[in-house]
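To keep things clear, I will list the structure first and then write my remarks on it.
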Number of protein chains: 2
Amino acid sequence: MPKSEILERESVEYFVSLVQLFGLPKSIGQIYGLLFVSKAPLAMDDIMSRLGISKGSASQGLSLLKSLGAVTSIEIPGERRDHYEADLNVSRIVNHFVENRLQDRLDHAETRIKSMVKLARGIEKDSDSDSETNLLHRIQALQKWQKRGKNLIPLILRWLKR
Amino acid sequence: MPKSEILERESVEYFVSLVQLFGLPKSIGQIYGLLFVSKAPLAMDDIMSRLGISKGSASQGLSLLKSLGAVTSIEIPGERRDHYEADLNVSRIVNHFVENRLQDRLDHAETRIKSMVKLARGIEKDSDSDSETNLLHRIQALQKWQKRGKNLIPLILRWLKR
DNA sequence: GGTTTTGTTCATTTTTATTTGAACAAAACG
DNA sequence: CGTTTTGTTCAAATAAAAATGAACAAAACC
């Protein structure tokens, strides 16, 4: 087996396990891994046949990767089909990922905690036992962690940029 | 519906979506969310009936949560059954999580990249075109990012501790 | 304008992950 | 001891996620 094929396989495996860590489908990692070691931009057909995946997977995978800024469409003169190229701007990819997949969840979580604090306050008023006060304290501690986590994200993003 | 029940439901939902973000099963979030707002430690029976989950889920979920340091077994005098309490030591939980779920993957990825660099060097020797050199550069850039990512983790862990 | 190529969408199928519950083991009780 | 309670394990069932491929749309070509 030629070295370039072995490298291709390793790259695919590498990115498959990377994307699985972030909860993305396997096909995303396969496509990116293939493009990452390809010396020229590839058409969808090439991707399908090289990886043995369906048209649907290839199309959806590419569109997600484009939306993350991880893959770019390249116009090739005299070629009809779109060609795709891997983009190695890691901080941009991570940025996109955070904005698309994380931000909403975090905002939602923040709202939810606020409502929990309110509820705990209400419970405290009704029954003024110690344990209920503890409950409020716990939820407020959680709220603090939530804020810390939220602050951590821009910190990481800035760090990735240098 | 009593306020404490609403709070319980919100807490469960909150932690379910949090654990799903980290790729852990829903039941883990349910159990932790329930214990988090419980004023007293709960027995497995209580957890099962409160959440409507099976014995198996409860047992497996609790054992994972204990392994993450997120839940502690409490001995209650005169009580036969084990009782469980949520632990809010976030940095410890994250630590456990990183050590158990991340470290191995990262080490594995590191080895894989090294082998990719070697392969790319081999390819470069055989065919000394520009594109192959680019390939090596790309993989080395990836290696740099991998190292950065690896360095980021202890940084985050330290930041969480204060 | 009609035909062919290319790419997208989405209902169905397949695969993977999680939950269930019954069988089992271990400890507590009398 | 034998019985009952409590907790674990794991094969099977169920639920959730991803991949497939056929039908469709959109653009390129002649």
Side-chain angles (χ1 to χ4, degrees), chain A residues 12-13 15-35 41-68 70-85 100-101 105, chain B residues 12-13 15-35 41-68 71-85 97 100-101 105:
Chain A
V12 168
E13 278 173 30
F15 285 105
V16 165
S17 69
L18 183 65
V19 301
Q20 305 220 101
L21 188 62
F22 291 98
L24 296 173
K26 196 176 139 186
S27 60
I28 302 298
Q30 292 180 287
I31 297 170
Y32 189 83
L34 174 60
L35 294 176
L42 299 181
M44 217 172 78
D45 279 355
D46 304 327
I47 294 169
M48 285 163 60
S49 58
R50 211 85 194 81
L51 298 173
I53 64 177
S54 68
K55 230 186 190 200
S57 273
S59 170
Q60 285 173 194
L62 283 167
S63 101
L64 176 63
L65 284 165
K66 277 189 277 182
S67 84
L68 288 175
V71 157
T72 319
S73 296
I74 300 284
E75 290 289 313
I76 294 205
E79 268 283 359
R80 201 169 168 181
R81 300 168 297 172
D82 288 352
H83 284 64
Y84 305 93
E85 191 176 65
N100 294 323
R101 313 230 140 201
R105 281 167 176 267
Chain B
V12 168
E13 278 172 29
F15 285 104
V16 165
S17 68
L18 182 66
V19 300
Q20 306 221 98
L21 187 63
F22 291 97
L24 296 173
K26 197 176 139 185
S27 59
I28 302 297
Q30 291 180 288
I31 296 170
Y32 189 83
L34 173 60
L35 293 176
L42 299 181
M44 218 172 76
D45 279 354
D46 304 326
I47 294 169
M48 285 164 59
S49 59
R50 212 82 195 84
L51 298 172
I53 64 177
S54 67
K55 228 185 190 197
S57 271
S59 170
Q60 287 173 194
L62 283 168
S63 102
L64 176 64
L65 284 165
K66 277 188 278 181
S67 84
L68 288 175
V71 156
T72 319
S73 296
I74 300 283
E75 292 288 313
I76 295 203
E79 268 283 0
R80 198 167 168 182
R81 298 168 299 171
D82 288 353
H83 284 64
Y84 304 94
E85 191 175 67
F97 186 82
N100 295 325
R101 312 230 141 201
R105 281 167 176 266

_Nucleotides bounding contact with chain A, strand DNA chain D, heavy-atom threshold 4.0 Å_ = D/dA18 to D/dA28

*At under 4.0 Å between heavy atoms, what does A/D45 touch on the DNA or RNA strands: base, sugar-phosphate, or nothing?*
nothing

*Check A/L35, A/L42, A/L34 against A/Y84 for a side chain to side chain contact (heavy atoms under 4.5 Å, CB included) and give me the one that passes.*
A/L35

*In sequence, state the C-alpha distance, the side-chain angles, and the governing distance for A/I47 and A/L62, and then conclude on side chain to side chain contact (heavy atoms under 4.5 Å, CB included).*
CA-CA 10 Å; A/I47 294 169; A/L62 283 167; 4.0 Å; yes

*Between NE2 on residue B/H83 and CD on residue B/E75, distance to nearest 0.5 Å*: 10.0 Å

*side chain to side chain contact (heavy atoms under 4.5 Å, CB included) between A/L24 and A/L18, intermediate numbers included*: CA-CA 9 Å; A/L24 296 173; A/L18 183 65; over 6 Å; no

*So which of residues 48-65 of chain A are in contact with DNA chain D, with a heavy-atom cut-off of under 4.0 Å?*
A/G52, A/I53, A/S54, A/G56, A/S57

*CE of B/M44 versus C1' of C/dT19: gap in Å, rounded?*
14 Å

*Run the numbers on B/K66 and B/S73 for side chain to side chain contact (heavy atoms under 4.5 Å, CB included), then give the verdict.*
CA-CA 8 Å; B/K66 277 188 278 181; B/S73 296; 3.6 Å; yes

*When you match A/Y84 and B/G23 each to their closest nucleotide on DNA chain C, which lands nearer the 5' end?*
A/Y84

*Just jot down the salt bridge (charged side-chain N to carboxylate O under 4.0 Å, His left out) partners of B/D45, sequence neighbours excluded, or say none.*
B/R81

*B/S49 (side chain) donor-acceptor with B/D46 (main chain) under 3.5 angstrom*: yes

*Could you check whether B/R80 gets within reach of a base, just the sugar-phosphate, or nothing at all, counting any heavy atom under 4.0 Å?*
base

_Walk me through whether A/V19 and A/K26 qualify under side chain to side chain contact (heavy atoms under 4.5 Å, CB included)._
CA-CA 7 Å; A/V19 301; A/K26 196 176 139 186; 6.0 Å; no

